[in-house]
**Q** 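I am attaching a structure below and will ask some questions about it afterwards.
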Amino acid sequence: MPGTSAIDHRAMDHLMRWFDMHQRRMPWRGESDPYRIWISEVMLQQTQVATVVPYYQKWMRRFPTIHSLAESNTESVMELWQGLGYYSRAGNLLLGARYICDQHQGHFPQTRQEALRIPGVGEYIAGAVLSIAFNYPEPAVDGNVIRVLSRLRAISESSPSRIRRAVADIVGLSYWEFEPRWVNQAWMELGALQCIPHPACTPCPFATVCMAFSTGKVAEYPLGKKKKTLPLKRGIIYIVRRDNRILMVKRPAAGLLANLWELPNVFDDDQDPSSFLERHNLTPLSVSYGTVRHAYSHFKLTCEVRAAELSGPWQSDRWVDHRWMSNTMLAAVGKPKLHIMALRKSGF
DNA sequence: AATTCGGGGAC
DNA sequence: GTCCCAGAATT
């Protein structure tokens, strides 16, 4: 394999000119407060910019400083995060803020090694905060940068970890006299706007030097992607009403939909679906509200929405808490998308 | 190295 | 419908 070589200075000059012309405006772009960069990067994880913007603005109004976040609680954080997905990110932000306030006097650490100790901070976010907030020459290799550089150099490594290392090495040799904070954002922006999965390469500033383009293999990069068919699951969601309130249960702090409040429910592939009603003192009623469907990251789910009543005290080893919620209370807790749809169908 | 983590935009 | 998004933690 050819060794890693730098992106030449003339090519970088083209990239930075392209970036000056085409870069998008974002609420966090141009900020140098590491807290604000950190929050934006966590929200942007596997999430498109347009989706993040309103969440970022709400978050900054509610938690303008890292100290205000550190002094908050899980319920407030999950309410703000509702609908954004990958809910462990929100819990890790709270843990991370407390960690930084306790261990670093509220100042985001300025070395990669220290930053990686923060809950929810991995190689990408560490590099992004160190470069964008502090202007250190630390590569920030996300999905965009992988796609751009693996095409530009026709990187043939087959394992994702080797591809990522190769890309990080090249990015590390691309700064020249340009500011690292803008070089990293330029690579990402090129991947987001120009070097997209199915690109039109003619206007690309790298078209004349792109190895994948010159060989007609742009669509094949990056290598090593595997596609999966999502398994199908079925379940039942129960609407349990009492006066003007509805029974909601709280999920554990880890795993799927961590810390969210949801309606009592059971999947067909649960350990013991047949005894679910009995163990929870639930009696099904004949009322049915139809069906809701949703695709999660690794399975698809179809649920019937049925009415039920409680014939004894609520008891469960599956949920960590329960509450009879009014409409007002319901609006103030984080809920999964599927259960928002089920609540709407039930008319509550 | 492979899985597990949501939800939505773009096509 | 499919693909993928400014990825990290866990196994």
Side-chain angles (χ1 to χ4, degrees), chain A residues 23-24 26-29 37-56 78 81-93 95-96 115-133 138-148 157-164 167-168 171 181 183-193 195-200 219 222 224-232 251-260 262 293-301 334-341:
Chain A
Q23 70 156 311
R24 294 167 292 178
M26 303 173 194
W28 51 86
R29 179 154 281 174
I37 301 302
W38 172 44
I39 299 299
S40 70
E41 294 299 345
V42 172
M43 288 185 168
L44 286 162
Q45 184 183 336
Q46 297 300 105
T47 310
Q48 295 183 357
V49 170
T51 302
V52 166
V53 168
Y55 284 91
Y56 176 83
M78 299 315 298
W81 207 268
Q82 174 178 296
L84 201 50
Y86 286 160
Y87 295 93
S88 65
R89 293 184 291 175
N92 279 336
L93 276 180
L95 293 176
L116 288 172
R117 302 173 65 96
I118 302 166
V121 173
E123 294 289 351
Y124 166 74
I125 292 181
V129 175
L130 290 177
S131 63
I132 298 174
E138 294 280 348
V141 180
D142 70 336
N144 289 313
V145 181
I146 295 229
R147 189 171 54 250
V148 171
E157 314 283 349
S158 55
S159 92
S161 62
R162 290 186 174 208
I163 294 176
R164 185 172 294 272
V167 167
V171 169
R181 58 160 56 100
V183 170
N184 281 351
Q185 292 180 83
W187 284 123
M188 289 190 276
E189 197 76 326
L190 187 69
L193 298 182
C195 195
I196 57 182
H198 300 286
K225 289 177 299 186
K226 47 180 179 282
K227 50 197 160 219
K228 54 191 182 286
T229 61
L230 302 183
L232 307 176
R251 296 182 62 92
L256 185 69
L257 304 168
N259 287 313
L260 294 190
E262 65 183 6
R293 303 171 189 276
H294 191 63
Y296 291 93
S297 53
H298 55 298
F299 65 94
K300 295 181 178 179
L301 181 60
K335 307 168 289 296
K337 170 73 170 175
L338 183 72
H339 292 257
I340 294 175
M341 293 190 290

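Labels below follow one simple rule: chain letters A, B, ... track the order of the sequence lines, proteins then strands, and each chain is numbered from 1.
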**Q** Roughly how many Å is it from CZ in A:R89 to P in C:dA6, rounded to a whole number?
**A** 12 Å
**Q** On the nucleotide C:dC4, are OP1 or OP2 found under 4.0 Å from the side-chain N or O atoms that A:R147 carries?
**A** no
**Q** Could you pick out which residue, A:W28 or A:V121, lies toward the 5' side of DNA chain C when each is mapped onto its nearest nucleotide?
**A** A:W28
**Q** Between B:dG7 atom P and A:W81 atom CH2, what is the distance in whole Å?
**A** 13 Å
**Q** Looking just at side-chain N and O atoms, do A:Y124 and A:E41 make a donor-acceptor pair shorter than 3.5 Å?
**A** yes
**Q** Separation of A:M43 atom CE from C:dA8 atom P, in whole Å?
**A** 16 Å
**Q** For A:Y87 and B:dG7, is the shortest distance between a side-chain N/O and OP1 or OP2 below 4.0 Å?
**A** yes
**Q** Once you apply a heavy-atom cut-off of 4.0 Å, does A:S40 come out as touching a base, just sugar-phosphate, or nothing?
**A** nothing
**Q** Roughly how many Å apart are C:dA9 and B:dG8, using the P atom of each and rounding to a whole number?
**A** 24 Å
**Q** Mapping A:S159 and A:G255 to their closest nucleotides on DNA chain B, which lands nearer the 5' end?
**A** A:S159
**Q** Is the ring of A:Y86 stacked on the base of B:dG6, with centres less than 5.5 Å apart and planes under 30° off?
**A** yes
**Q** Starting at the 5' end of DNA chain B, which residue's closest nucleotide do you reach first, A:K228 or A:A295?
**A** A:K228
**Q** Is there a side-chain polar atom (N or O) of A:H198 under 4.0 Å from OP1 or OP2 of B:dC11?
**A** no
**Q** Rounded to whole Å, please give me the gap between CG in A:L338 and P in B:dG6.
**A** 13 Å
**Q** Just how far is it from atom CE of A:M26 to atom CG of A:L44, taken to the nearest 0.5 Å?
**A** 7.5 Å
**Q** Measure from the side chain of A:H294, starting at C-beta and using heavy atoms only, and say which of B:dG6, B:dA1, C:dA6 lies closest.
**A** B:dG6
**Q** Is it true that atom CZ of A:R29 has more than 12 heavy atoms of other residues, nucleotides or ligands lying nearer than 6.0 Å?
**A** yes
**Q** Rounding to a whole Å, what distance do you find between A:L230:CG and B:dT3:C1'?
**A** 13 Å
**Q** Would you say that A:T47 contacts A:Y86 through its side chain, given a criterion of any heavy-atom pair below 4.5 Å between the two side chains?
**A** no
**Q** With heavy atoms under 4.0 Å as the rule, sort A:S88 into base, sugar-phosphate or nothing.
**A** nothing
**Q** Determine the interatomic distance between P on C:dA6 and the same-named atom on B:dT3; round to the nearest Å.
**A** 24 Å
**Q** Report the nucleotide, chosen from C:dA6, C:dA8, B:dG8, that has the shortest atom-to-atom distance to any side-chain atom of A:R24.
**A** C:dA6
**Q** Mark yes or no for a side-chain to base donor-acceptor pair under 3.5 Å between A:T47 and B:dG6, with no hydrogen or angle criteria applied.
**A** yes
**Q** In whole Å, I'd like the distance from the CD1 atom of A:I196 to the P atom of B:dC11.
**A** 7 Å
**Q** Calculate the interatomic distance between A:Y55 atom OH and B:dG9 atom P; express it in whole Å.
**A** 10 Å
**Q** Any side-chain N or O of A:H298 below 4.0 angstrom from OP1/OP2 of B:dT3?
**A** no
**Q** When the aromatic ring centroids of A:Y296 and A:H294 are compared, is their separation below 6.0 Å?
**A** yes
**Q** Between C:dT11 and B:dG6, how far apart are the P atoms? Round to whole Å, please.
**A** 16 Å
**Q** Please compare A:P119 and A:V49 by the position of their nearest nucleotide in DNA chain C and report the one closer to 5'.
**A** A:V49
**Q** Using a 4.0 Å heavy-atom cut-off across all strands, classify A:L84 as base, sugar-phosphate, or nothing.
**A** base
**Q** Less than 4.5 Å apart, side chain to side chain, heavy atoms only: is that true for A:L338 and A:E262?
**A** no
**Q** Output yes when at least one side-chain N/O atom of A:Q46 is less than 4.0 Å from OP1 or OP2 of C:dG7, else no.
**A** yes
**Q** For A:R147 and A:N144, test the side chains for any donor-to-acceptor distance below 3.5 angstrom and give the result as yes or no.
**A** yes
**Q** Write down the distance between CG (A:N144) and C1' (C:dG7), rounded to a whole number of angstrom.
**A** 12 Å
**Q** Does A:K300 make a side-chain N or O approach to OP1 or OP2 of C:dT2 shorter than 4.0 Å?
**A** yes
